[in-house]
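Since the structure comes first, as structure tokens, the remarks are kept for the end.
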Amino acid sequence: MNIQNTLESAIKKGIKSIYNVDVPKIEFQDTRKDFEGDITMVVFSLLKYIKGNPFEIATKLGEYLQENTDQVTHYNVVKGFLNIVISNDYYFNSFNDILNIKNFGFKNVAKNEKAVMVEYSSPNTNKPLHLGHIRNNLLGYSVSEIIAASGKKVYKTQIINDRGIHICKSMLAWEKFGNGETPESTGLKGDKLVGNYYVKFDQEYKKEIEQLVADGKDIGEAKKNAPILLEAKEMLLKWEAGDKQVVALWKKMNHWVYNGFDISYKDLGVDFDINYYESNTYLLGKDVVADGLKKGVFYKKEDGSVWIDLTDEGLDEKIVLRADGTAVYITQDIGTAIQRIKDYPDIGGMVYTVGNEQDYHFKVLFLILKKLGFSWFENLHHLSYGMVDLPEGKMKSREGTVVDADDLMVEMTNTAREISQELGKLEAYTTPEKEKLYKTIGLGALKYYILKVDPKKRILFNPKESIDFNGNTGPFIQYTYARIQSILRKADFDYTNTISDIEIHPKEKALIKQIQNFPLVIQQAAQNLSPALIANYTYDLVKDYNSFYQSVPILGSENKNEKIFRTQISKKVGDTIKLAFSLLGIDVPERM
RNA sequence: GGCCCCGUGGCGCAACUGAAUAGCGCAUCAGAUUUCGGCUCUGAGGGUUACAGGUUUGAAUCCUGUCGGGGUCACCA
């Protein structure tokens, strides 16, 4: 029970006894530095229920609290703000209550809570992962961890786009120009090898168009009729017909890609519980459309195509099935959503981590599922995020301006190595341990940098200059953690027993308050699908700790109990940093 | 053009979903530290929260309009 809840029920009781009124909610905020107090109640919001002068109301409630609660020692009133001072005993008690709770702030999965499926990454199998995927992966993974810590079961999933004309393009190019190259023969990661052939196709295709135009063909015609494109289309037909050779090639090359992705995912520190493949799901949804037609949710046009009218909701009409009966993108998404609920009946909602260019698509998708009558539609969320832009302009894979995910991770690690070699305290480390550490720091910087900002905002990413190691950054927080560990290593006394008979320092108070807040922050972050809340919380905690560290001696304290208490606080802060960072997918080092 | 998102000190970000004098980091300037890791801490300067109205006891936050940036309006995925 944190202080806010305790006070809230006490104040409600007070209001009941003084004014005989029930109020639903009491508002609190942190007391501003310039006033005395630990927590502040905002009286203004009560004026709806209680007629009167805010100052008087605050004073009466302050008096009531002082007399009727153990925790409130005194109070002061400024305008409509009741500043409440909390007793030292309360801080000791509440800190001692949580001192030995492992994973403080994390809630166990509640039985009656429905599970959540979080989809993220969802790559194409013809291109390696790039910077955009990194933001997607970090967000999706972190949100999954946060929801899990908030007390819900989570299924992490990705849907792999493994079929279609674009896949045939890289297959065809490999067949024509590959000379039997494999990841083993070239030493390339599988996704990189296949990606190269996707580029190769595009080059050949452009050449053929130029040739055709030079021969006097119209440019539009040339684009449609370039021989290599026709061949790719033919290949797609063969694939759909189940042609043995094409399917075998498709399987072989996709495997290369999956092996490549696995390496990238592992480096990035993300994982999945379930994979869905478009080759299995692209036919889903058609029967749902037939069903919806019967129910009158959809309607058929003269040419046989099926549509939904969303003009009443301020959107357009949207096609859900082509005239030839084949599915479009959204048909598949409808089918897949329903399929997932069938596969995992304990799911009560889903989170789709997809870029904001698909905002409209998901609006439509959710609306359709609502109209089809699925009750879980209201627990569908599109975790939409802004583009990651480069200083030079937009990322385009064809023009080679993409930042490759693997390259970026290596670059971050290199930067961390350079800095650590100058400043690190790593004498005790072996070379492999050092390498692991550089990666921890480099990726910590990258992850924190991306996750601390509101997902909706665009990020301008300058690989060379953007990543700072000072200030509000991952490494700064990691550094504080490492320093705490250094203190704990040196603490050669028993600090497991609880302490309560010393003077409590304001900086210690601030830290206890901050730690107590952690469970609430997790719940808020889960509700808002916002890793940024966790990142900012951790930073605030670390700043409070550094301030504490600077103001009071810990191991150097003369008073034995003080020494123990401060060590305990340090330990708890360290634990909390570690837990919070685990929610962001960031490791913390023992030394750096 | 319709719809959606964004606009906060020079730069990068906050503000618990409407509350006190809008916080923090980088950069700049001035200090602190016999001690536990000098990648730390304390302080100063720097803001009409893009602009104009409105609602409210109270607005960066809600509403309307304008401007600027981005996205989206495919029988592509």
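Being a predicted model, the structure only gives us computed values, none of them experimental. In what follows, chains carry the letters A, B, and so on, assigned in the order in which the sequence lines appear, proteins first and then strands, with residues in each chain numbered from 1.
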- At under 4.0 Å between heavy atoms, which parts of nucleotides 4-14 of chain B does protein reach? Answer with one letter per nucleotide, 5' to 3': B base, S sugar-phosphate only, - none. SSSS-----SS
- Contact letters for nucleotides 36-43 of chain B, in which S counts primed atoms plus P, OP1 and OP2 and B counts the base, heavy atoms under 4.0 Å: BB-BBSS-
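Residues from residues 47-57 of chain A lying near RNA chain B, meaning a heavy-atom separation below 4.0 Å, are absent.
For A:Lys370 and A:Glu313, the salt-bridge test fails: no basic side-chain N is under 4.0 Å from an acidic carboxylate O. Salt-bridge annotation for A:Lys363 and A:Asp359: absent, with no side-chain N of the basic residue lying under 4.0 Å from a carboxylate O of the acidic one.
How far OH of A:Tyr481 is from OG of A:Ser486: 12.0 Å, rounded to the nearest 0.5 Å. Expressed to the nearest 0.5 Å, how far CD1 of A:Ile147 lies from CD of A:Gln523 amounts to 11.0 Å. Here A:Asn53 contributes atom CG and A:Leu47 contributes atom CG; the two are 9.0 Å apart, rounded to the nearest 0.5 Å.
Judged by distance alone, with hydrogens and angles left aside, A:Gln29 brings a side-chain donor or acceptor within reach of the base of B:A20, the pair sitting under 3.5 Å. Put simply, the side chain of A:Ser45 and the base of B:A19 share no donor and acceptor less than 3.5 Å apart.
Contact of the A:Trp250 side chain with the A:Met235 side chain is not registered, since no non-hydrogen atoms from C-beta on lie closer than 4.5 Å.
For the pair A:Asp30 CG and B:A22 P, the interatomic distance rounds to 17 Å; values are reported in whole Å. One atom, NZ of A:Lys563, and another, P of B:U35, lie 18 Å apart when rounded to the nearest Å. Between the P atom of B:G58 and the CD atom of A:Glu27 lies a distance of 16 Å, rounded to the nearest Å. Between A:Tyr360 atom OH and B:C3 atom P there is a gap of 12 Å when expressed in whole angstrom units. Between the CZ atom of A:Phe44 and the P atom of B:U57 there is a distance of 12 Å, rounded to whole Å. Protein atom CG of A:Leu310 is 17 Å distant from nucleotide atom P of B:C3, rounded to whole Å.
The shortest heavy-atom contact between A:Thr440 and A:Gln478 is O-NE2, 3.2 Å.
Across B:A27 and B:C73, the matching P atoms stand 43 Å from one another, rounded to whole Å. Taking the C1' atom of each, B:A77 and B:U72 are spaced 15 Å apart, rounded to whole Å. Nucleotides B:A50 and B:G68 place their P atoms 16 Å apart, quoted to the nearest Å. When the P atom is compared between B:C4 and B:C63, the two are found 11 Å apart, to the nearest whole Å. Atom name C1', nucleotides B:A44 and B:U48: the rounded distance is 22 Å, in whole Å. A gap of 13 Å separates the P atoms of B:U61 and B:A20, to the nearest Å. To the nearest whole angstrom, the two P atoms, one in B:U56 and one in B:G25, are 38 Å apart. Between B:A74 and B:C62, the two P atoms lie 30 Å apart (nearest whole Å).
Contact annotation for A:Asn83: base contact, defined as any heavy-atom pair under 4.0 Å involving a base atom. At the heavy-atom level, A:Phe35 lies under 4.0 Å from base atoms of the strands shown. A:Thr40 comes within 4.0 angstrom of a base, heavy atoms only.
The local environment of NZ in A:Lys571 is sparse, with at most 12 non-hydrogen atoms from other residues, nucleotides or ligands closer than 6.0 Å. Summarising the local packing, NZ of A:Lys224 is surrounded by 12 or fewer heavy atoms from other residues, nucleotides or ligands at distances under 6.0 Å. More than 12 heavy atoms of other residues, nucleotides or ligands sit less than 6.0 Å from atom CD of A:Glu433.
If you look at A:Phe548 and A:Tyr545, their ring centroids are closer than 6.0 Å. In summary, the aromatic rings of A:His361 and A:Tyr329 are positioned with their centroids under 6.0 Å apart.
Scored by the side-chain contact (heavy atoms from CB on, under 4.5 Å) test, A:Leu555 finds A:Ile487, A:Lys490, A:Ala491, A:Phe493, A:Thr567 as partners (sequence neighbours excluded).
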- Strand RNA chain B as a dot-bracket string - pairs counted if Watson-Crick or G-U with both distances under 3.5 Å, | where the partner lies in another strand: (((((((..((((.....[...)))).(((((.......))))).....(((((..]....))))))))))))....
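For the pair A:Arg135 and A:Tyr385, the cation-pi criterion (under 6.0 Å, within 45° of the ring axis) is not fulfilled. With A:Tyr276 as the aromatic partner, A:Arg340 meets the cation-pi criteria of under 6.0 angstrom to the ring centre and within 45 degrees of the ring axis.
No hydrogens or angles considered: nothing links the side chains of A:Thr125 and A:Asp162 as a donor-acceptor pair under 3.5 Å. For the 3.5 Å distance criterion, the side chains of A:Arg458 and A:Asn356 fail to qualify, holding no donor opposite an acceptor.
Nucleotide B:U57 carries an anti base; the chi torsion (O4'-C1'-N9-C4 or O4'-C1'-N1-C2) is more than 90° from 0.
Using the six-membered ring where Trp is involved, A:Tyr282 and A:Trp239 have ring planes that are tilted, between 30° and 60° apart.
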Below 3.5 Å is the cut-off: list the nitrogen or oxygen pairs between protein and nucleotides 75-77 of chain B, distance only.
residue: B:C75; atom: O3'; partner: A:Arg322; partner atom: NE; Å: 3.2
residue: B:C75; atom: N4; partner: A:Asp303; partner atom: OD2; Å: 2.8
residue: B:C76; atom: OP2; partner: A:Arg322; partner atom: NE; Å: 2.7
residue: B:C76; atom: OP2; partner: A:Arg322; partner atom: NH2; Å: 2.5
residue: B:C76; atom: O5'; partner: A:Arg322; partner atom: NH2; Å: 3.2
residue: B:A77; atom: OP2; partner: A:Tyr329; partner atom: N; Å: 3.3
residue: B:A77; atom: O3'; partner: A:Glu278; partner atom: OE1; Å: 3.2
residue: B:A77; atom: O3'; partner: A:Glu278; partner atom: OE2; Å: 3.4
residue: B:A77; atom: O2'; partner: A:Asn161; partner atom: ND2; Å: 2.9

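Mapping A:Asn528 and A:Glu357 onto RNA chain B via the closest heavy atom, the residue that lands nearer the 5' end is A:Asn528.
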